[in-house]
Every structure is written in C-alpha cells, then in structure tokens.
Protein chains: 2
Amino acid sequence: MPARLSEVAALAGVHPATASRALNEATRNKVSADTVLKVRRAAEQLNYSPNPAARSLVTNRTSTVGVIIGDLTVPLFPPLLRGVDDVTSAAGYTALIVNTDNDWSRELARIAALQARRVDGLIVATATSGDQADPRIWSSVAPTVFVVRAPADPLAPTVLSDDSMGVHLAVEHLVAQGHRRIAHVAGPPEISTATARLRAYREALFERGIEVDPALVTTMDSISADAGTEALGRLLDSGAGVTAVLAFNDIVAYGCYRAVRQRGLRCPEDISIVGYSDMNGADLVAPPLTTVHVDHQAMGAEAARMLLGMLSDPGARPPHSVRLPVSLTVRESTAPPRQGVPR
Amino acid sequence: MPARLSEVAALAGVHPATASRALNEATRNKVSADTVLKVRRAAEQLNYSPNPAARSLVTNRTSTVGVIIGDLTVPLFPPLLRGVDDVTSAAGYTALIVNTDNDWSRELARIAALQARRVDGLIVATATSGDQADPRIWSSVAPTVFVVRAPADPLAPTVLSDDSMGVHLAVEHLVAQGHRRIAHVAGPPEISTATARLRAYREALFERGIEVDPALVTTMDSISADAGTEALGRLLDSGAGVTAVLAFNDIVAYGCYRAVRQRGLRCPEDISIVGYSDMNGADLVAPPLTTVHVDHQAMGAEAARMLLGMLSDPGARPPHSVRLPVSLTVRESTAPPRQGVPR
DNA sequence: CTGTTAGCGCGTTCAT
DNA sequence: ATGAACGCGCTAACAG
C-alpha cells in the first residue's frame, strides 16, 4: 500500500491541500519555494505516487488513451504502437491497446470497453473507407485521431503516409533500371491505400511517358501471399511481357516470389519485385526485398502528439491531417531487365 | 458524460446503494428479484456504466494487469498478448502493455509506472535467468506470473513451453529421415531457453544411440539471423559432415538458409534445417520452414488465467508452474540426406 | 430486503 | 501563502 498525500503532508508539516498544490505543476506557483522543497522531499522519502483513481474522480480525466488496431500480428502495428507508447508515456499517459481482429462487432464491444474505462482520447488504426465507418462512432467516445487508414470523413484528424510518394519512388527506381513493362498487383478497392497506390502507379507511369497498360494490373480481393501468388501467376501466364512488379505490400511480394519460382523464373534476373512497407524480416527473405519503407513508428508518434495536443486544448480547432514522407529501401529483388537498359 | 449510479437509482425509484447491490454480481442475491429487474432496466435505458475511478477508490482494486514484454516486434509477443487479452478482457480486466526494449533501466521505469497505475497483477515475459532478475522486483508491485522466460526463482508461478519436447520432436523427425550428423546452432547460455534446448538436443541424440559430437554444436553470443549465418558457416566449413541443423529459433534458421546458399548448397537437398517457434511468416520463406510450433497465444491465455486465479483468491498458495506442450510443423526445409536412408 | 451513513484519496473552492 | 471544508461516484458497514 503506497503512501497517501495526507502522510506526505504530515511529514512535511503542512496541510494536505498545500502538499497537493506543491506537487502539481500547475499550482506550484501558489506555494512558497521552500514548502515546495519540503513537500517534494517528503514525497520522495515516502515514495509517494498519487492515487490515479482519486485524482480521476475529481479531475474527470484518466490520463489514458485507447488505441484501436486490427490485428497485432500484422507487422506494421508493433512499431506503430511503439511510437504511440513513446510519446504517450512521456506525457504521463497510458495507452490501452485493443485488438479488434478486424471484426466489426468485436470492435464495437472494445470501443464500449474503452468508453467504460473513460479514456481521454482515441487513436484508431482500423477505419476503412467503405462500409460502416462513420467517424462519430469513435469521436462520440472521446477526441479521436486516425492513423494508417483514412476515415470516411476527410476532415477528421488523420496521420497517413504518402502513398503517392512511395509508389513514385518505386516506379522511378524500376524505370531508372530500364524497366518499361511494370505490373502492379493491387489490393482490393475497398482498402483506401489500395486505390491510392493504384492511382499513383498510373500517374507515375504516365508522367514518365510509359504506356499505362490495363493488362499489367491485377486486383486481388484479399491481401495475402496466396492472393499475390495467384495474381502475379495470371499476369505471368498471360504473356503480357512483364519485367517488373510493384506489389501492394511486402506480404503480397512474398507471394509474387513464389509465382516467379513456380515458373522456373528467377528474381531479380528475370523479374524484379518491389514490395511496400518494409516490414520486419524483409531483409531476411531471399532475395532481400526492395521495398518502400514506411516509418510506422513515426506515424504512431505523430498521431499521439496530435491527440495529446487536442486533449491539452479542447477548445482549439482539430489539427490538420498530415501525410508523412516515405523512402525506398533498395535491396536485391530488383535489377535491370534481361535485355539490358535500352538507349 | 455518462450517467451516474444515483441517476439510475432515481429512475428505478430506489436508493443508490440498492442500485449498486443490484448491479453487482456478488451482492445481487441481497436484493429482491424485481428490484434487480427495475434497476437493470433503468441502467440500460440510461446507458449506465460505472465509473471505474470511483469504484477503484473504494474497492482498492483497478481491474487492470500490467504486461511486461521485451520488444513487441519480436513475433512471439503479438499472439501472446492476444491470449492475455482474450482472457483478461473476458473477465473485465484491462491489460496495460509495456515495452521494455530489453533495456533494464527502461524496464524499471515502466514497472514504476505500472505501480503508479495501481495494477492488480503483473505478467512478465522478460525475466532472464542470469542477471539482476530478482523476482521480488516485480512481485513487490503486485502478484506476478512469469511467462515464456524462466525467472530466477523456480518457485515463482510460471508458464513455459516444453523445450525438451520440442527438441525431441525435431530430432525425432530428422532421425526418422535418416539423419545422423545433426548440428545445433545454440543460443547464448544466459538465455534460459538456450541451455534447455541444448541439453534436450544432447539427450535426444543420446537416447537414440547417436553420437553426441561436440564439433556439431556452435554457440552464438547473440540471437540474430547474421549470427546464425556465421555460426552455421563455421560448422559447414569445418568439414564436420553435417546433414541437418536444428536452429535455436526461426530467425536463426533464416540465417542458416543464407549460410547454405552462400556455399552453393541447397536446402533441403543438401542440408535439412529445422527452426523453433513457428513464427509468423515461417510458411512464406523459401523453402517453407519445418519448425517446432509453439502456441504463444495459449501461453498468454494460460498465464492470464493463472494470474486472475491468484487475484480472485489472494489467500491461496501460488499455483504450480506449467509447461505447455508443443508440436512439430513439417514443411519443406527437411528431407532425407543425400545418401538416402541407411539400413 | 432496503435505506442511512460514512469514507476511499485527491483537487478545488473559499476563507483567512 | 496556507488551512478548512467540500465533493467527485461508488461500495461497505450498520441499521431497521
């Protein structure tokens, strides 16, 4: 049982109210310098830490934020949570992390649990662009920041990465190596990032004066290695003359590896493959994957900073959404096409 | 602002204390059946949920448990947390997850934060067998269950997986395919699982009447793919005549893949490789990895159950530690040795 | 079975 | 600058 404020006050020889004022940043100036010192000493000596329940009860805040994610085993989430945790815990907040399993009813249940816990704010990484994603579902619970996935309401505070930039970097890299027949294995259109990357892919080719051939795009209806294998397999068998592939993400790229191998082709000698995300382990596969590096930790940190800003100044207008830059990590899954660089 | 208990009571036409009794499982029997009904109806109508701060203040419990892990990006943790979360949240508890980054000072700071939050219990997945790991550091904060890693005190409640069983399954599989020269790329001796697996490796060979050749064991001083590449490389170059390798874990196995490839050998045709953990993605590498499957989700769930048991009956003696069984997932990284099965 | 009373540990008035 | 008094929302002890 830790010490109470009254014990600290007694040891310091002051009234509990004074001790409270001395210990709290905001009210410290209403107390003489040396009583502050006495109280702090006493607190330290007794190893005092305020009872958060008692504090919550009067301040009506919990210093907790809920973080809603789909599936923790998806490799983008651990670094994202790390980023969130770094800034929240530095500010004295605790993150309550919730796994929805990408199940909407489960998500609703967990939101209710977070509400019951009286979280001060919410960081949501599960919003999809299509369905029932009315942002009020979250923001009626507490101030909310969206991250990684775009919410239905474009005005809601959001932290995304720059998909357009990533795709342009990838295409740029392939084109510089001499590729002209660059395929795209796209994600399902109800995922906002899938449509964004597809659009950027077309743009990037167009800007470089390369024919945008619809035959070079396959759309998966789910995101998995198997879907990638199947999708690229079709493309390869169609005789479209592909020399390079931009996969929707790293997992799909792994599936593409398999499709290439199954046909007795080699990566990168016969086909170059570029992933997206630079997930944990992308350097360990064979060949090590060239991929767009997304700094998910920075995204989590930025989302947390944004949310804490909203909490510290509830009156202010919601902050502008941001789109963080990405970079290209070149490894060994890309090389010039067989026939060499045309001149 | 959610409804308060007094409002529910007013709507139901009873005293707040009665409403409280009606709403709480444990005291419900002290109230007539139809007042329970009235109160529940009122609560539902007002969308009542009790203020956890107020409740904590009087019950002196927070219905939270702290979960301490090393690094969330290590793939065993996400499923483990999932297991913890499943059972804790079903019991009305919230898990507070803490990343120590495998940094001891950071761990101490986070333990302090959890203590400040008044967690009811602790699940610790970071204890190493060697150094400063006095279990009292944790158990002085709250009742504690250790999971995945063995604490210094063997009597502390712990959930481990059966390393011996896993190694025996792996060796059994290799021997059944005709391997006799089975190497082991072992982890550093200060990791408790490393010594356990090494011991089991020797045992398993011995029990099958196979020579235990010290030249077939390399010890890494850190656990990484690079260390695995380097370690198996030495073994391969030593001319010890290895036909199969048991790696400390999957990551190390990936490193072993590289060592094999670098020498122009092939897996599994020239060298069979077995991993340990069956981490996310082990089915996606080439060749898909044969590995000992550890059910980390089950371990997390079991640890949580154990902890909740301790919390619900503080008087009882601490529960016995358990060691959960593992299984072998056979994929394509193992095959009979080149010269075929000797008879 | 139900109402009354008290108090959990704090921050915040309002006096002094 | 400090002390006194109050109340946040809830459960527990005690009456009736």
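Just so you know, these numbers use all the heavy atoms, side chains as well, and skip hydrogens, waters and symmetry mates. Here is how names work: the chains are called A, B, and so on, in the same order as the sequence lines, proteins then strands, and each is numbered from 1. If you're wondering where the values come from, they're calculated on a predicted model, not measured in any experiment.
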### Query
Would you find more than 12 non-hydrogen atoms of other residues, nucleotides or ligands less than 6.0 Å from B:R28 atom CZ?
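Atom CZ in B:R28 is packed in, count exceeds 12.
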NA contact type, [X], heavy-atom cut-off 4.0 Å: base, sugar-phosphate, or nothing?
{"X": "A:S56", "answer": "nothing"}
{"X": "B:P50", "answer": "sugar-phosphate"}
{"X": "B:N60", "answer": "nothing"}

Round to the nearest Å and state the distance from [X] atom [atom1] to [N] atom [atom2].
{"X": "A:R21", "N": "C:dT12", "atom1": "CZ", "atom2": "C1'", "result": "9 Å"}
{"X": "A:N51", "N": "D:dC8", "atom1": "CG", "atom2": "P", "result": "18 Å"}
{"X": "B:R118", "N": "C:dC10", "atom1": "CZ", "atom2": "P", "result": "7 Å"}
{"X": "B:R55", "N": "C:dC10", "atom1": "CZ", "atom2": "P", "result": "21 Å"}
{"X": "B:H15", "N": "C:dA6", "atom1": "NE2", "atom2": "C1'", "result": "11 Å"}
{"X": "B:K30", "N": "D:dA12", "atom1": "NZ", "atom2": "C1'", "result": "9 Å"}
{"X": "B:L5", "N": "D:dG7", "atom1": "CG", "atom2": "P", "result": "18 Å"}
{"X": "A:L46", "N": "C:dC10", "atom1": "CG", "atom2": "P", "result": "12 Å"}

#### Entry: Note, B:R61 side chain near B:Y93 side chain (heavy atom, < 4.5 Å)
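In contact.
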#### Entry: Residue mapping more 5' on DNA chain C - nearest nucleotide basis, B:A54 or A:N24
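Its nearest nucleotide lies further toward 5', so the answer is B:A54.
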### Query
Is the shortest distance from a Lys or Arg side-chain nitrogen in A:R82 or B:D101 to a carboxylate oxygen in the other one below 4.0 Å?
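Counted as a salt bridge, because a side-chain N and a carboxylate O are separated by less than 4.0 Å.
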### Query
Considering only C:dT2, D:dC10, D:dA5, which nucleotide approaches the side chain of B:V58 most closely?
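Between C:dT2, D:dC10, D:dA5, the one nearest the side chain of B:V58 would be D:dC10.
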### Query
Looking at the side chain of B:S32, which of C:dC1, D:dA5, D:dA12 is the nearest nucleotide?
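Closest nucleotide among those given: C:dC1.
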#### Entry: Worked verdict on A:R110 versus A:E107 for salt bridge (Lys or Arg N to Asp or Glu O under 4.0 Å)
CA-CA 5 Å; A:R110 295 320 188 82; A:E107 174 152 0; over 6 Å; no
#### Entry: Residue-phosphate contact under 4.0 Å: B:S20 side-chain N/O, D:dT11 OP1/OP2
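Answer is yes, contact under 4.0 Å.
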### Query
Would one find a side-chain N or O of B:T18 under 4.0 angstrom from OP1 or OP2 of C:dG3?
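For C:dG3, OP1 or OP2 has a side-chain N or O of B:T18 closer than 4.0 Å.
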### Task
With salt bridge (Lys or Arg N to Asp or Glu O under 4.0 Å) as the test, would you mind laying out the steps for A:D34 and A:K38 before giving the verdict?
CA-CA 6 Å; A:D34 60 320; A:K38 279 192 308 186; 5.6 Å; no
### Message
I want to confirm an ordering. Mapping B:T27 and B:L57 to their closest nucleotides on DNA chain D, which one lands closer to the 5' end?
### Response
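The 5'-side residue here is B:L57.
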